[in-house]
Amino acid sequence: MIYLRDNPLLRRPLAPADVKVRLLGHWGTSPGLSFVYVHLNRLINTYDLDAIFLAGPGHGAPGVLGPVYLEGTYSEIYPDKSEDEDGMRLFFKEFSFPGGIGSHCTPETPGSIHEGGELGYSLSHAFGAAFDNPDLLVTVVVGDGEAETGPLATSWHSNKFLNPARDGAVLPILHLNGYKIANPALLARIPRAELMALLQGYGWAPVLVEGDDPALMHPRMAAALDAAIDRIRSIQAAARQGESR
C-alpha cells in the first residue's frame, strides 16, 4: 500500500512503473497498529465489549486500513475496493495518492473519529468519547513521536476527570517503535524504570509488553489486555456500587 500503485500480488517482476514516485506512510508504526487492532477485536469478541479504536500516530493509516480491508469492512463501504486483485490494485493506488485517501487515519477510514497525525490530540479525543458513555471502552494508540508534544503530555492528566461511576474507560497504548519519522523518540530511549515512573506519576498503572518475536508477543499482549479489562471492570463495578477504589 505504501509502495505500490500496480502489481499488488507481485505476479510479475517489479518494474519502476509499479512503484509510487513519492512514498508516504510510516512503516515503523504500521505493524504495531495492526497488532493492536487484531487484539482489540479479540477483546471485543471475548468480552462482548462496546469499544472504539483510535489511531494517533502520524502516517499510520496502513496499519489500520490493512486489517479493515482484510476483514471485509472496507469493501462493504467502498465496493470498488473489492476483495480481489483489481480491488486491491485500486486500494493500493489510492493510498496517499492524488485524488485518493490520506496517509493518516482520516474520516474516510471506516469507523474513524480521529484524524491521526494531529500532533498530540489522540488521547484528549479518547477521553471526549468516554465521558458520559458508561459502557464504552476507548482504546487509543499513542505514537512515540506525538507523545513528545505538549497536548499529549497534558492529556495524560485527563484521567483525573474521568468518573468510573458514569463514564466509560480509556485504555491508552503507548507504541514505542523507537523512532519518529526523522529521528529517535525520547520515551523509547529513556530507561524503562524511568518511563514506568513517569506514567505512574501521571496516575496510570503501566504494563510493559515488549519484544520482537510474534510467537511470544501475541500471548503477552493478550494477557496484558485481559488483565487491563479485568481491572477496568473491577474499578467500574466498585464505583457503580458506591464503593471507593
Side-chain angles (χ1 to χ4, degrees), residues 1-42 52-119 122 139-146 173 175-185 188 211-215 217-218 221:
M1 187 188 311
I2 295 175
Y3 298 97
L4 298 181
R5 58 180 175 181
D6 200 356
N7 195 15
L9 297 179
L10 303 179
R11 295 190 186 278
R12 53 179 173 75
L14 275 175
D18 297 333
V19 181
K20 295 173 182 176
V21 175
R22 183 169 183 257
L23 305 178
L24 272 178
H26 187 358
W27 170 246
T29 200
S30 292
L33 283 168
S34 296
F35 180 77
V36 174
Y37 187 95
V38 168
H39 278 273
L40 182 59
N41 274 339
R42 185 195 68 84
I52 189 169
F53 174 70
L54 273 64
H59 302 291
V64 180
L65 291 170
V68 170
Y69 176 79
L70 289 172
E71 72 183 16
T73 303
Y74 204 84
S75 299
E76 288 179 10
I77 297 174
Y78 304 106
D80 57 333
K81 313 303 187 301
S82 50
E83 296 180 86
D84 54 25
E85 186 171 2
D86 289 339
M88 186 178 288
R89 178 184 296 107
L90 184 59
F91 180 52
F92 283 12
K93 181 178 179 179
E94 287 197 357
F95 172 75
S96 194
F97 201 75
I101 57 176
S103 61
H104 304 306
C105 289
T106 61
E108 293 84 2
T109 305
S112 177
I113 65 167
H114 169 73
E115 175 92 7
E118 285 192 336
L119 295 179
S122 60
T139 301
V140 50
V141 177
V142 176
D144 47 5
E146 70 171 332
I173 298 176
H175 182 212
L176 300 175
N177 65 71
Y179 284 90
K180 297 169 285 194
I181 279 188
N183 49 30
D212 55 16
D213 183 347
M217 284 293 290
H218 282 295
M221 188 65 169

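- Between Asp6 and Arg89 there is a salt bridge, with a side-chain nitrogen of the basic residue lying less than 4.0 Å from a carboxylate oxygen of the acidic one.
- Taking 4.5 Å as the limit, every side-chain heavy atom of His104 sits out of range of all side-chain heavy atoms of Thr109.
- Residues satisfying the side-chain hydrogen bond (donor to acceptor under 3.5 Å, both in side chains) criterion with Asp84, sequence neighbours excluded, are Ser82.
- Contacts of Asn7 classified as side-chain hydrogen bond (donor to acceptor under 3.5 Å, both in side chains), with partners at least two apart in sequence or in another chain: Asp18.
- Applying the side chain to side chain contact (heavy atoms under 4.5 Å, CB included) rule to Ala61 yields the partners Leu65, Phe95, Cys105; only residues at least two apart in sequence or on another chain are considered.
- With rounding to the nearest 0.5 Å, the separation of OG1 in Thr29 from CG in Asn177 is 5.5 Å.
- Looking only at side-chain heavy atoms (C-beta outward), Phe53 and Asn41 stay at 4.5 Å or farther from each other.
- Between Phe91 and Tyr74, the ring planes lie tilted relative to each other; the angle falls in the 30° to 60° range.
- Nearest approach of Ile77 to Pro110, heavy atoms of both residues: CD1-CB, 3.5 Å.
- Distance check, rounded to the nearest 0.5 Å: CD of Glu76 to CD of Glu71 gives 8.5 Å.
- Minimum heavy-atom separation, Ile101 to Glu108: CG2-CB, 4.3 Å.
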Between Val141 and Tyr37, is the side-chain contact (heavy atoms from CB on, under 4.5 Å) condition met? List the steps. CA-CA 10 Å; Val141 177; Tyr37 187 95; over 6 Å; no
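- By the side chain to side chain contact (heavy atoms under 4.5 Å, CB included) test, Glu94 is found to be paired with Lys81, Leu90, residues two or more places apart in sequence or in another chain being considered.
- Remark: Arg5 engages no residue in a side-chain hydrogen bond (donor to acceptor under 3.5 Å, both in side chains) (not counting sequence neighbours).
- Counting heavy atoms of neighbouring residues, nucleotides and ligands inside a 6.0 Å radius, atom CZ of Arg12 exceeds 12 of them.
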Worked verdict on Met221 versus Val36 for side-chain contact (heavy atoms from CB on, under 4.5 Å): CA-CA 9 Å; Met221 188 65 169; Val36 174; 4.1 Å; yes
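- Counted within 6.0 Å of NZ on Lys93, heavy atoms from surrounding residues, nucleotides or ligands total 12 or fewer; the atom is thus considered open.
- With rounding to the nearest 0.5 Å, the separation of CZ in Arg22 from OG in Ser96 is 7.0 Å.
- For the residue pair Pro67 and Ser34, the shortest heavy atom distance occurs at CD-OG, 3.7 Å.
- Of all non-hydrogen atoms in Gly56 and Ser122, the two that sit nearest each other are CA-CB, 3.7 Å.
- Considering only heavy atoms from C-beta on, His218 comes within 4.5 Å of Phe35 through its side chain.
- Annotation for Ile2 and Leu23: closest pair O-CD2, 3.5 Å, computed over non-hydrogen atoms.
- With sequence neighbours excluded, no residue satisfies side-chain hydrogen bond (donor to acceptor under 3.5 Å, both in side chains) with Tyr78.
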